Amino acid sequence: DDQGNELVGGSDEQNVAWGHWENDTDQKWVVGQETSTATIDSYRQNNVNAKYSGTVAGSLNGTDAIKMDSTNQTELDLTFKPVGNDTMTGTIKFETETSKGYDVSIDSASISGADISIVTNDLTDQGSTNAVTEGQIDAKIMGDDADSIGGVGKLINSDGTATFVLQADK
């Protein structure tokens, strides 16, 4: 019986699909084709810089939905480096239906192969309604040519926990 296990919300782009299940809106997921190690290694050898734009989808405390409008912006800048660590910076901004605003910059990230990890120390609040005090984003570089970044995350402040999926494309 699949009752309650229907996909709702979400996107089905070329390289990334995301959403949540009808019976549990707090459980977000992202799937897609992970970029191959050979492609990432080639980008590193050539010092490739890639810029990604996208959105997040989710909610604050499981009930206050993140608006899918012009306030919802994700901008990521990823540089593959031949020597040393790859770098990623960017911003994530969104507002909920009850006008709770979130605005954080990504100052750094841990990147290993196609895996990206962003923790509290990598984030700086840039003017959220209430300052973000904790955060975690786990993402992957996806697509044949590192076309997308998809992941799941949470930002915590005095309003509670905003959980989301993110998708950003070149």
Side-chain angles (χ1 to χ4, degrees), residues 2-35 50-78 88-107 109 114-120 122-170:
D2 288 335
Q3 187 173 8
N5 287 328
E6 297 175 39
L7 172 66
V8 290
S11 170
D12 188 12
E13 299 296 326
Q14 182 177 4
N15 300 297
V16 179
W18 52 263
H20 64 83
W21 297 105
E22 183 177 63
N23 66 346
D24 191 351
T25 59
D26 284 335
Q27 294 298 312
K28 314 287 189 265
W29 55 265
V30 175
V31 297
Q33 173 192 346
E34 188 174 312
T35 302
K51 296 184 184 298
Y52 300 84
S53 297
T55 59
V56 299
S59 64
L60 172 61
N61 300 323
T63 57
D64 188 5
I66 294 172
K67 293 181 186 178
M68 298 302 287
D69 63 8
S70 63
T71 65
N72 190 329
Q73 303 169 8
T74 297
E75 302 292 331
L76 304 172
D77 189 341
L78 175 59
M88 188 171 81
T89 59
T91 58
I92 296 177
K93 299 178 185 181
F94 59 87
E95 192 172 277
T96 68
E97 292 294 335
T98 62
S99 299
K100 303 289 190 209
Y102 287 77
D103 183 350
V104 295
S105 65
I106 299 167
D107 304 316
D115 296 326
I116 300 169
S117 177
I118 301 165
V119 297
T120 301
D122 300 324
L123 300 169
T124 302
D125 188 86
Q126 296 295 322
S128 301
T129 303
N130 291 300
V132 170
T133 56
E134 188 177 337
Q136 172 80 34
I137 301 167
D138 294 307
K140 288 195 177 286
I141 303 166
M142 298 187 184
D144 289 337
D145 295 312
D147 303 300
S148 303
I149 294 176
V152 295
K154 67 180 178 181
L155 297 174
I156 300 171
N157 66 12
S158 62
D159 293 317
T161 301
T163 56
F164 55 87
V165 292
L166 73 84
Q167 176 193 349
D169 299 312
K170 279 196 225 175

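All of these numbers come straight from a predicted model, not from anything done at the bench.
- Residues passing the side-chain hydrogen bond (donor to acceptor under 3.5 Å, both in side chains) test with Asp115, sequence neighbours excluded: Lys140.
- Residue pairs meeting the salt bridge (Lys or Arg N to Asp or Glu O under 4.0 Å) criterion with at least one partner in residues 57-66, sequence neighbours excluded, are absent.
- The closest side-chain heavy-atom distance from Glu75 to Asp77 is not below 4.5 Å.
- With respect to Asn130, the side-chain hydrogen bond (donor to acceptor under 3.5 Å, both in side chains) criterion is satisfied by exactly one of Asp159, Asn157, Asp125: Asp159.
- Side-chain polar atoms of Thr71 and Asp69 form a donor-acceptor pair below 3.5 angstrom.
- Thr74 places none of its side-chain heavy atoms less than 4.5 Å from the side chain of Phe164.
- For the pair Thr161 and Thr163, the minimum side-chain heavy-atom distance is below 4.5 Å.
- Around the NZ atom of Lys67, the shell of radius 6.0 Å holds more than 12 heavy atoms that belong to other residues, nucleotides or ligands.
- When all heavy atoms of Thr129 and Ser99 are compared, the closest pair comes out as OG1-O, 3.9 Å.
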Test side chain to side chain contact (heavy atoms under 4.5 Å, CB included) applied to Ile116 and Ile118, step by step: CA-CA 7 Å; Ile116 300 169; Ile118 301 165; 4.1 Å; yes
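- Side-chain contact between Ile92 and Ile137 is present, with heavy atoms from C-beta onward closer than 4.5 Å.
- Inter-residue side-chain proximity for Val165 and Val152 is flagged as met; some heavy-atom pair is nearer than 4.5 Å.
- Side-chain contact, Thr55 with Asn72: no donor N or O sits under 3.5 Å from an acceptor N or O.
- Thr120 places a side-chain N or O within donor-acceptor distance of the main-chain N or O of Gly135, the cut-off being under 3.5 Å.
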